[in-house]
Amino acid sequence: MTGIPDLETGRLDMTAGECIDTQAEVLTDALSAYSLVSQGLAKYTIFNLTKLEFNADILLPRVIIMISNAKRWIDDIFHHVNQKYLQNYLDEFFYKQNRRYFNE
């Protein structure tokens with residue numbers, strides 16, 4: 001997970017280009033900032049949030065859970081996170097999540 005300070009098209013495209021494999025299946029809403037993200041992807045699907053066809057709880061259950069857990073973890077432990085250090089906190093959270101089932 002990568003923190004993005006704003007949704008400028010150029011910044012979002014650069015971040016997505018670094019993080020998304022060209023063979024990945026990508027599901028997004030109809031935000032105009034995703035216009036260049038779709039170029040070069042094998043499968044790209046846009047869901048209209050105003051219709052009932054998109055239900056994030058059904059399509060992306062693990063994403064919703066991980067975002068909720070990260071927000072709760074930051075709120076409970078640190079109470080406040082400076083935007084400058086947000087990526088460090090997200091990296092720590094996902095490091096711990098990815099290694100939670102490893103034995104000592």
Side-chain angles (χ1 to χ4, degrees):
M1 179 181 279
T2 303
I4 300 175
D6 54 32
L7 289 178
E8 292 178 359
T9 303
R11 184 170 301 167
L12 184 62
D13 292 333
M14 182 179 65
T15 303
E18 295 171 358
C19 299
I20 300 173
D21 185 17
T22 57
Q23 299 302 315
E25 179 179 346
V26 178
L27 306 170
T28 66
D29 58 0
L31 185 67
S32 62
Y34 296 132
S35 62
L36 297 176
V37 173
S38 63
Q39 296 175 358
L41 294 175
K43 186 168 182 185
Y44 180 72
T45 307
I46 297 174
F47 288 95
N48 190 346
L49 293 177
T50 59
K51 296 181 181 178
L52 295 177
E53 68 183 74
F54 183 83
N55 186 344
D57 294 338
I58 294 171
L59 290 173
L60 309 167
R62 291 187 179 127
V63 173
I64 301 297
I65 290 169
M66 292 308 283
I67 291 171
S68 299
N69 288 347
K71 288 168 57 176
R72 177 59 33 208
W73 178 74
I74 288 172
D75 262 358
D76 287 349
I77 304 231
F78 305 106
H79 307 296
H80 173 73
V81 172
N82 187 335
Q83 183 69 32
K84 180 179 177 182
Y85 301 108
L86 177 61
Q87 189 59 52
N88 294 339
Y89 288 104
L90 291 173
D91 290 343
E92 179 183 350
F93 175 76
F94 282 100
Y95 176 85
K96 289 179 178 183
Q97 287 298 309
N98 289 333
R99 284 149 184 84
R100 63 187 166 191
Y101 298 119
F102 286 12
N103 291 330
E104 295 295 324

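Values reported hereafter were calculated over all heavy atoms of this structure, with side chains retained and with hydrogens, waters and symmetry mates removed.
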Residues I74, L86; criterion side-chain contact (heavy atoms from CB on, under 4.5 Å); working and verdict: CA-CA 10 Å; I74 288 172; L86 177 61; 4.3 Å; yes
CG on N88 to CZ on F93, rounded to 0.5 Å: 15.5 Å
Distance-minimising heavy-atom pair for Y89 and W73: O-CZ3, 3.4 Å
Pair Q87-D91, side chain to side chain donor-acceptor pair (under 3.5 Å): steps then yes or no: CA-CA 6 Å; Q87 189 59 52; D91 290 343; 2.8 Å; yes
Minimum heavy-atom distance between E92 and F78, given as atom pair plus value: OE1-CZ, 4.4 Å
Ring pair (Phe, Tyr, Trp, His ring centres under 6.0 Å) partners of Y85, counting only residues at least two apart: none
Euclidean distance, I77 CD1 relative to H79 NE2, rounded to 0.5 Å: 8.5 Å
R72: partners by salt bridge (Lys or Arg N to Asp or Glu O under 4.0 Å), with sequence neighbours left out: D76
